[in-house]
4 protein chains.
Amino acid sequence: MARKSANSRDEILDAAAECFMEMGIEAASISDIARRLGATKGRVYHHFASKGALLSDVRIHAIDTMSAALEEAIDFDLPPEQNFYNMAHRHVTALLKTLPYHKVDLQKSNLSGEKSTTPYERELLEQIRVKRTEYGEAFRKVIAQGIETGVFRKVQVSVTLHSVLVLLNAPVFWYQSRGEDPAAEQNRIADELATLALNALLARPDSATS
Amino acid sequence: MARKSANSRDEILDAAAECFMEMGIEAASISDIARRLGATKGRVYHHFASKGALLSDVRIHAIDTMSAALEEAIDFDLPPEQNFYNMAHRHVTALLKTLPYHKVDLQKSNLSGEKSTTPYERELLEQIRVKRTEYGEAFRKVIAQGIETGVFRKVQVSVTLHSVLVLLNAPVFWYQSRGEDPAAEQNRIADELATLALNALLARPDSATS
Amino acid sequence: MARKSANSRDEILDAAAECFMEMGIEAASISDIARRLGATKGRVYHHFASKGALLSDVRIHAIDTMSAALEEAIDFDLPPEQNFYNMAHRHVTALLKTLPYHKVDLQKSNLSGEKSTTPYERELLEQIRVKRTEYGEAFRKVIAQGIETGVFRKVQVSVTLHSVLVLLNAPVFWYQSRGEDPAAEQNRIADELATLALNALLARPDSATS
Amino acid sequence: MARKSANSRDEILDAAAECFMEMGIEAASISDIARRLGATKGRVYHHFASKGALLSDVRIHAIDTMSAALEEAIDFDLPPEQNFYNMAHRHVTALLKTLPYHKVDLQKSNLSGEKSTTPYERELLEQIRVKRTEYGEAFRKVIAQGIETGVFRKVQVSVTLHSVLVLLNAPVFWYQSRGEDPAAEQNRIADELATLALNALLARPDSATS
DNA sequence: GATGAATGAGTTTTCATTCAT
DNA sequence: CATGAATGAAAACTCATTCAT
């Protein structure tokens, strides 16, 4: 019923994410996106003010999905290493489940200065910046906690935080579903990466810190 | 000497790397690159057959630089954990020293399907693929060695190899030179990341690995 | 010789002025202008940064032509009424000689607020504003002089200045060359309008002005 | 009353006149007009068949307003110079009272050739042409009368008529309400312009015609 | 009456590339 | 070697208009 229009918008978002991912953000044209929908450019522009706005909406969707997933995994009452592992694991499975969106987000997160953007587009970009920062804060908190309790090494928090997040996003660069059971495969990868990240942080009992 | 033209070519390469990095590969036009050189498009086309070729040459330069640096650090007679640390450390310092080139390379390494390219350009792309794989092989070898000798955990080599390389490339996503002594800063970051990567791989004495 | 490229630019300017005049500024597309030249849109954009810049250049050309003509007619050593008549007459003949440009200028001089313009385009608009004001100043001066010497009525200078200029531009709204000798026709019209404008200003001997 | 719909139609007309004036006729979109009304495009299309029809209706409204006002001022029993002054004065006050409409009318009156228009739109345009001509006839008549009685100079009627009307429309090009009492301000301007126009026509007692 | 979605044709603009000089 | 003009194809975006509800 009233879902029709919501669907229309979301359909476009999906098609856009896939096109951006496959062809690259700049290389994918609005026509490409429309063609994938079996629709016209006009339809896209009826729902999104510009290509930039469409891209930003794809990215916001990506981040919101991750945030919602992470929320469910977080438990600061657990020991930091447990909590961290759970968060990292959930991060990876969420990432793999809506990969196109995250490939797009990552592709763009890199680039800083845009050409002339409208105020509206600048606002969307600011929104993205804020959401990304907030997302990182949960990880920053658990890492700080782990260092405090001595279970994590005394790392430079800033460098480490950003780098660990890049590590957990790594599948964006190489994941391609193979034939096997997707759920199992995703779980295997999530475990491997979460373990990798956790070990990177853990203090080694023999060596005093360092 | 025939240095004049070599310089001219390298200047273009530098300008291209910076433009591609700052504006994004597609968004940067040949005009932008020429303008940065204080020259005209004609000069660029004298040295490079097409934008695609120029881009590939930037990427090849990026990889060659890294390979040359890594070569100097590798020593398979060292214990794997020592060798790995040295390689990782060198990877990061080399990366930071010519960051624009690597930002460009990373930006593109993601994307798979290209439009119609000329045979010449396809050959350059194949060259890049080969060089990248070769580069990774050195790391694959030291990781395999470490697992064999029991000093590294029994990880899924493929997932881990790619992910560790992404981790070591992480500065591409967040590095911005701060005021401090660049050499010192780059060394500090390289140490942090190499340690992070090494710890991620090391077997833990207490736990019977994982 | 080196005139070729100057010609190319001026040819475009001419074609643009004619198209803008005949079809209206917004209705005339760059394609229309290119078609009239037997050229491509690309050629137009090679010489002018945007449609707005092209339009502004047409207008600047219009004003510069008028200014150069007026310059020759001005002589502040003459009695104000003589000087005014000469200026007005010259204004009209200059106007009629390059009518397309002035129709375009008038068409736009009306509109105030533009959408988002680039800094470069804003600069051109400012240039136009300044040139137009300067042009008017010559007339303001002779009117003020005439009032001082008592040969002109004591009018509200601002209202009168602007209105008299509109009157002298009136042919823009109705002139269509008829069969007769153009030079003679233009002279006849210029005399009629200059006389009209002069009489509008002159003090009437019998009536104590008002 | 059936006033509701009349109001709705007039509201649209007002909004259209303002948009056309501020942004230019072509630049103002139906969306802009609807937005100004706080309504949707659909509402506009309910009352007006097309953008061209809406524009023509604005122009017809403009002319009808002027005609109605002029009607009240005309009195051919008065001496021509008196009658002319009254008509001119009334023209200006009527103009100032509904300026947006007249700015739109003037903006378009210039342009001759239209693209392909529907028969209905062509009919509206013809209506406008007729009404404008009729409006001018009243002035043509009083001028002819004045020349006959010798109170006006022996001008070329056609050139003079059109030019005097342009002069009386001049505020369209420069009027901007200042702080002062609007009625007084408008009266002051109307007097200045009517006097200007009248003097332009009057025979000078000393000089035998010329 | 009014709305919101959708269309399709057109418009401005960009840009890699070619070529004569 | 290098320039500047020119091209042609494609891209982003606009908008009057139609139509189902």
Side-chain angles (χ1 to χ4, degrees), chain A residues 1-2 4-5 7-9 12 26-34 37-54 115 118, chain B residues 4-5 8-9 26-34 37-55 115 118, chain C residues 1-2 4-5 7-9 12 26-34 37 39-54 115 118, chain D residues 4-5 8-9 26-34 37 39-55 115 118:
Chain A
M1 287 284 163
K4 189 63 196 297
S5 79
N7 271 350
S8 183
R9 205 174 177 279
I12 296 172
E26 308 270 351
S29 73
I30 299 289
S31 282
D32 291 328
I33 295 168
L37 283 164
T40 60
K41 279 180 288 188
R43 179 160 156 215
V44 176
Y45 277 101
H46 183 65
H47 290 279
F48 299 90
S50 68
K51 188 180 177 180
L54 174 53
K115 300 228 167 176
T118 66
Chain B
K4 186 64 196 299
S5 78
S8 184
R9 204 173 178 280
E26 306 270 349
S29 72
I30 299 288
S31 282
D32 291 326
I33 295 167
L37 283 164
T40 59
K41 284 182 281 193
R43 182 161 154 212
V44 176
Y45 275 98
H46 250 284
H47 292 276
F48 299 91
S50 69
K51 188 181 178 181
L54 174 54
L55 168 60
K115 304 229 164 175
T118 67
Chain C
M1 287 283 165
K4 190 62 197 296
S5 78
N7 271 349
S8 184
R9 204 173 178 279
I12 296 172
E26 307 272 348
S29 72
I30 299 289
S31 282
D32 291 327
I33 295 168
L37 283 165
T40 60
K41 280 180 284 189
R43 179 161 156 215
V44 176
Y45 275 99
H46 182 65
H47 290 278
F48 299 90
S50 68
K51 188 180 176 180
L54 174 54
K115 302 229 166 178
T118 65
Chain D
K4 185 65 197 298
S5 79
S8 184
R9 204 173 178 281
E26 306 271 348
S29 72
I30 300 287
S31 282
D32 290 326
I33 295 167
L37 282 165
T40 59
K41 284 182 282 194
R43 182 161 152 212
V44 176
Y45 275 98
H46 250 284
H47 291 277
F48 299 90
S50 69
K51 188 181 177 181
L54 174 54
L55 168 60
K115 303 226 167 179
T118 66

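Owing to the predicted nature of the structure, the values given are computational and were not obtained by experimental measurement. Letters go in sequence order (proteins before strands), and every chain restarts at 1.
Comparing atom distances between the D:S29 side chain and each of F:dA16, F:dT7, E:dT17 picks out F:dA16 as nearest. Candidate nucleotides E:dT3, F:dC13, E:dT7 were compared by shortest atom distance to the side chain of A:K51, and F:dC13 ranks first.
Residue B:A28 is in sugar-phosphate contact alone, with no base atom involved, counting any heavy-atom pair closer than 4.0 Å across all strands shown.
Ranked by how close their nearest DNA chain F nucleotide is to the 5' end, A:A49 and D:S50 are led by A:A49. Checking A:I30 against B:K41, the closest nucleotide of DNA chain F that is more toward the 5' end is the one next to B:K41.
E:dT13 atom C1' lies 15 Å from atom CG of B:D32, rounded to whole Å. Put simply, CZ on C:F48 is 12 Å from P on F:dA5, counting in whole angstrom units.
Going from the P atom of F:dT21 to that of E:dG1 covers 22 Å, rounded to whole Å.
At least one side-chain nitrogen or oxygen of A:S8 sits closer than 4.0 Å to the OP1 or OP2 atom of E:dA6. Contact between the side-chain N/O atoms of C:H46 and the OP1/OP2 oxygens of F:dA5 is found at a separation under 4.0 Å. For C:H47, a side-chain nitrogen or oxygen approaches OP1 or OP2 of F:dA6 to under 4.0 Å.
With a cut-off of 3.5 Å on both pairing distances, the Watson-Crick or G-U wobble partner of F:dA20 is E:dT3.
Separation of atoms OH (C:Y45) and CG (C:L54) is listed at 8.5 Å; rounding is to 0.5 Å.
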